[in-house]
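Protein chains get the first letters and strands the later ones, always in sequence-line order, with residue 1 at the start of each.
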Number of protein chains: 2
Amino acid sequence: MTTPMLTKNQSLVFDVLTKAEAPLSAYTILDKLRDQGFRAPLQVYRALDKLLEYGVVHRLESINSFVACAHPNEDCHSHGLVAFAICESCGQVIEFHDHEVDHRLTDWLKSQKFKAEKSTIEIRGHCANCAA
Amino acid sequence: MTTPMLTKNQSLVFDVLTKAEAPLSAYTILDKLRDQGFRAPLQVYRALDKLLEYGVVHRLESINSFVACAHPNEDCHSHGLVAFAICESCGQVIEFHDHEVDHRLTDWLKSQKFKAEKSTIEIRGHCANCAA
DNA sequence: GCAATTGATGTAATAACATAACATATCCGT
DNA sequence: ACGGATATGTTATGTTATTACATCAATTGC
């Protein structure tokens, strides 16, 4: 999907996520944008919905947070499957793709005649720097 | 891990999950146990924490819900990695294990020196019965 | 030009999910 | 019986997400 011109709110939210060192919750984003005139959660959630749709932001289900896509130039959707390693100490997120994993899951789903719509692979733990 | 004797509240919560056709949210469980004397969310969450620890219940992060483990006789923890296919129409959850996927992810994590603690693989879509 | 449609925004209220803090009670080893 | 650990009960609160409704702005068809 080609990303259309972002609206004002979408740009503000995207900028906050791009500058962040770690995933942010919707309410954290809201707080960071109070000075820009944001007042209500919906302003954030609506922008996030679009950014997710465009594939430039990912939602981390296991921590109810959002990150800017780490591979903005490639098309994440075409990879079919994105996986995340999330450090519980420093918050760093490593985003990666593995075709073999993708393939195995796809084959399994096909064998079950299960039509996949949205896949989540998230590993929580500690990154090289933070691990004892 | 061997599962110790369940307490009263743990048994009640586990029974509700075992009898359910689909994953249940903590608050849905609470409602189903009002007649048994449950009054507060914490009674459910505390029981769930233990059941998760014992490995007899899984949490589905992407839908904030809980299911009884589908493979009670095997030890899910020893599989290292459990994946779920979740039907968004009927709610059915298919739990499965794939050693190859496990292996690929483990190798990748090792290459990054990332210490995994908890992994989540969830695929939302439509099961064979519900797919158009 | 101008109504009609569509998409974006603003705001308030509420729903849904989860935990903190504190008090009591029950179980078990000694 | 005592003391510690675990389980429970209860209230309040914190956190995440959506519903409902009003307004505004850009676009399209006529």
Side-chain angles (χ1 to χ4, degrees), chain A residues 1-17 20 22-54 56-67 86 88 91 118 120 122 124, chain B residues 1-17 20 22-54 56-67 86 88 91 118 120 122 124:
Chain A
M1 173 189 297
T2 63
T3 304
M5 199 65 183
L6 298 182
T7 67
K8 177 158 164 276
N9 285 2
Q10 289 160 19
S11 294
L12 287 167
V13 169
F14 185 61
D15 282 355
V16 166
L17 283 175
L24 301 178
S25 74
Y27 280 75
T28 302
I29 296 170
L30 174 57
D31 285 340
K32 288 180 181 292
L33 290 175
R34 297 252 180 224
D35 292 347
Q36 273 52 251
F38 273 48
R39 314 255 122 229
L42 214 50
Q43 295 175 289
V44 176
Y45 282 111
R46 285 202 277 230
L48 285 172
D49 282 348
K50 287 298 179 184
L51 295 171
L52 289 167
E53 183 184 326
Y54 303 153
V56 296
V57 162
H58 298 292
R59 176 193 177 93
L60 301 177
E61 310 275 5
S62 63
I63 56 172
N64 296 320
S65 294
F66 304 83
V67 280
I86 305 167
E88 297 189 314
K118 181 77 177 66
T120 297
E122 295 175 19
R124 268 103 61 231
Chain B
M1 173 188 299
T2 63
T3 305
M5 198 65 182
L6 298 183
T7 67
K8 177 159 164 275
N9 284 3
Q10 288 159 19
S11 295
L12 287 167
V13 169
F14 185 60
D15 282 356
V16 165
L17 283 176
L24 300 178
S25 74
Y27 277 72
T28 303
I29 296 171
L30 175 57
D31 286 340
K32 287 180 181 293
L33 289 174
R34 297 250 181 227
D35 293 345
Q36 273 54 248
F38 273 47
R39 314 254 125 233
L42 216 50
Q43 295 175 288
V44 177
Y45 282 110
R46 285 202 276 230
L48 286 171
D49 281 347
K50 287 298 179 184
L51 296 171
L52 290 168
E53 184 185 326
Y54 302 153
V56 295
V57 162
H58 298 291
R59 177 194 176 94
L60 301 177
E61 310 275 4
S62 64
I63 56 173
N64 295 321
S65 295
F66 303 85
V67 279
I86 306 166
E88 296 190 314
K118 181 77 177 65
T120 298
E122 297 175 19
R124 268 106 57 234

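Protein atom CG of Leu51(A) is 11 Å distant from nucleotide atom P of dA8(C), rounded to whole Å.
Contact check for Thr28(A) versus Lys32(A): side-chain heavy atoms found under the 4.5 Å cut-off. In this structure the side chain of Lys50(A) never reaches within 4.5 angstrom of the side chain of Val13(A), judged on heavy atoms. Proximity of Phe38(B) to Asn9(B): side-chain heavy atoms (C-beta onward) are separated by under 4.5 Å at one or more points. Residues Val56(A) and Leu17(A) have side chains not in contact (no heavy-atom distance under 4.5 Å, counting atoms from C-beta outward). A heavy-atom distance below 4.5 Å is not found between the side chains of Ser25(B) and Asn64(B). A 4.5 Å side-chain heavy-atom check between Leu51(A) and Phe66(A) finds every atom pair outside the cut-off.
Less than 4.0 Å separates DNA chain D from at least one heavy atom of each of the following residues of residues 30-40 of chain B: Arg39(B), Ala40(B).
Residues Pro41(A) and Leu30(A) approach most closely at N-CD2, 3.8 Å, considering heavy atoms. What you find for Arg124(A) and Ile63(A) is that their closest heavy atoms are CD-CG2, 4.5 Å. Scanning both residues, Pro23(A) and Gly91(A), for their nearest heavy atoms gives CD-O, 3.0 Å.
Between chain B and DNA chain D, the heavy-atom contact criterion of under 4.0 Å yields a 5' to 3' nucleotide range of dA7(D) to dT11(D).
Proximity of Lys50(A) to the phosphate of dA8(C): a side-chain N or O atom is located under 4.0 Å from OP1 or OP2.
Under the side chain to side chain donor-acceptor pair (under 3.5 Å) criterion, Arg59(A) pairs with Glu61(A), sequence neighbours left out. Remark: Ser11(B) engages no residue in a side chain to side chain donor-acceptor pair (under 3.5 Å) (not counting sequence neighbours).
Note that CG of Leu42(B) is 8.5 Å distant from CG of Asp49(B), once rounded to the nearest 0.5 Å. For the atom pair Glu122(B) CD and Lys118(A) NZ, the distance stands at 10.5 Å (nearest 0.5 Å).
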Spell out protein contact along nucleotides 14-29 of chain C as letters: B when the base is contacted, S when just the sugar-phosphate is, - when no protein heavy atom is under 4.0 Å; keep the 5' to 3' order.
---BBBBB--------
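For the helix from dG1(C)-dC30(D) to dT30(C)-dA1(D), the rotation axes defined at the first and last 5 base pairs enclose an angle of 30°, given to the nearest 10°.
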